[in-house]
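Just so you know, ligand 1 is whichever comes first in the structure, and atom 1 is the first atom listed for that ligand. What you see below is based on every heavy atom in this structure, not just the backbone, and it leaves out hydrogens, waters and symmetry mates.
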Amino acid sequence: MSLSSYLKISEEVEAALKESKPVVALESTIISHGMPFPQNLETAMLLESTVRNNGATPATIAVINGSIRIGLDKKDLELLSNSKNVLKASTRDLPSAVLRGLNAATTVSATMACAKLASIRIFATGGIGGVHRNAATTFDISADLTELSRTDVAVVSSGVKSILDIGLTLEYLETVGVPVIGYKTDEFPAFFTRESGFKVDHRLDSAEEIAKEINIKRELGLRGGVLIANPIPEEYSIDPKEINAAIGAALAEAEKESITGKEVTPFLLSKVNLITSGKSLESNIKLAVSNAELASKIAWHL
Ligand code: PSU
Ligand code: MN
């Protein structure tokens with residue numbers, strides 16, 4: 001079977017790719033496992049319109065009935081946002097989701113892998129997965145990092161949540177050769193807050209410069225992605241004390257309930273949202289929009 005029998009690219013995305021117009025990939029786990037309904041559906045549509053308003057074509061990626069879809073319609077987004085039977089698929093789950101004809105939302109890792117198949121070079125999300133705080137004993141390191149080490153797709157995120165060990169995540173990215181660029185910042189952001197206490201590898205102040213670096217990396221034949229860290233807009237950032245208390249409580253609950261494996265991240269996200277009475281969700285939406293905007297601007301120069 002050829003690749004095209006597994007991969008279905010929407011007409012809109014196909015046309016943009018053919019004409020070498022800017023295309024921005026968007027993930028779907030943020031919809032199915034990252035946010036509650038109906039805000040997840042609203043956000044999925046808002047991210048797509050943000051990309052369009054910035055002159056690029058959105059390509060939300062998921063597996064629908066076993067077919068890898070690049071560019072979804074409203075019905076697909078609805079299914080992902082309110083069906084209980086959507087698998088959370090990281091890269092390793094793609095072959096089985098296709099084989100079994102499943103509906104699966106793609107994480108950052110799987111979205112990168114699928115974007116690559118469609119020759120899409122940039123992708124916007126909220127936050128990526130990383131090294132979990134207790135990774136020394138659990139070995140819980142997100143497949144997002146391994147995918148960044150081998151797949152040539154640039155990812156715009158607002159850093160990582162401090163549900164993770166931010167320092168270890170950055171060490172890991174250095175080890176596997178992933179450049180970490182701070183957009184208008186010297187500090188790696190911690191998702192809800194603009195600061196984390198950790199520096200980025202280097203800082204660039206324009207979308208055009210970022211695109212240049214991505215292009216240079218590609219022209220040098222270096223494998224793997226580039227991580228662009230875009231801090232949450234100041235007005236939506238959350239007081240570090242408040243958010244860290246919520247994260248601490250969520251981590252304690254996960255431990256008490258012995259949550260492991262791929263359930264860990266969705267569990268923590270929903271607990272933090274619950275504890276902050278939706279405040280974290282509001283920030284999450286705003287930063288994702290800001291990332292979609294920046295990714296679109298970078299896409300223009302790739
Ligand atoms: N972090 C967030 N929001 C999310 C995710 C992570 O702040 O929605 C999702 C992304 O899809 C990411 C995935 O790729 O969780 C990572 O899951 P894990 O930690 O199981 O690798
Ligand atoms: Mn994990």
Trainee: Can you tell me how far apart OG (Ser4) and CD1 (Ile9) are? Round to the nearest 0.5 Å.
Mentor: 9.5 Å
Trainee: Please give the N or O to N or O pairs under 3.5 Å between ligand 1 and the protein, distances rounded to 0.1 Å.
Mentor:
| residue | atom | partner | partner atom | Å |
| --- | --- | --- | --- | --- |
| ligand 1 | 7 (O) | Lys161 | NZ | 2.2 |
| ligand 1 | 11 (O) | Glu27 | OE1 | 2.6 |
| ligand 1 | 11 (O) | Glu27 | OE2 | 3.4 |
| ligand 1 | 14 (O) | Val108 | N | 2.8 |
| ligand 1 | 14 (O) | Asp144 | OD1 | 3.2 |
| ligand 1 | 14 (O) | Asp144 | OD2 | 2.7 |
| ligand 1 | 17 (O) | Lys88 | NZ | 3.2 |
| ligand 1 | 19 (O) | Thr265 | OG1 | 2.6 |
| ligand 1 | 20 (O) | Lys88 | NZ | 2.7 |
| ligand 1 | 21 (O) | Ser142 | OG | 2.7 |

Trainee: Mind checking side chain to side chain donor-acceptor pair (under 3.5 Å) for Asn82 and listing every partner two or more places apart, or none if nothing turns up?
Mentor: none
Trainee: Please output the side-chain donor-acceptor pairs of residues 133-141 that fall under 3.5 Å, not counting sequence neighbours, one pair per line with the distance.
Mentor:
| residue | atom | partner | partner atom | Å |
| --- | --- | --- | --- | --- |
| Arg133 | NE | Ser162 | O | 2.9 |
| Arg133 | NH2 | Ser162 | O | 2.5 |
| Thr137 | OG1 | Asn134 | O | 3.1 |
| Thr138 | OG1 | Asn134 | O | 3.2 |
| Thr138 | OG1 | Asp140 | N | 3.1 |

Trainee: Among protein atoms, how many N/O/S atoms lie less than 2.8 Å from the Mn ion (ligand 2)?
Mentor: 1
Trainee: Should Glu78 and Lys75 count as an ion pair when the cut-off is N to O under 4.0 Å?
Mentor: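 Here Glu78 does not pair with Lys75 in a salt bridge, since their nearest N and O are not under 4.0 Å apart.
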Trainee: Taking Glu234 first and then Arg194, would you say they form a salt bridge - that is, a charged N and a carboxylate O separated by under 4.0 Å?
Mentor: yes
Trainee: Do Leu281 and Ile243 belong together in a cluster built from hydrophobic side chains that touch within less than 4.5 Å?
Mentor: no
Trainee: Would the distance check show the side chain of Ser149 and the main-chain N or O of Gly224 forming a donor-acceptor pair, the cut-off being under 3.5 Å?
Mentor: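 Judged by distance alone, no pair lies under 3.5 Å.
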Trainee: Would you call Glu147 and Lys116 a salt bridge, taking side-chain N to carboxylate O under 4.0 Å as the test?
Mentor: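 Judged by the 4.0 Å cut-off on N to carboxylate O distance, Glu147 and Lys116 do not form a salt bridge.
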Trainee: Could you see if Phe191 belongs to whatever hydrophobic cluster contains Val272? Use Ile, Leu, Val, Met, Phe, Trp, Tyr and a side-chain cutoff under 4.5 Å.
Mentor: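 They do share one cluster, since a chain of ILVMFWY contacts under 4.5 Å joins Phe191 to Val272.
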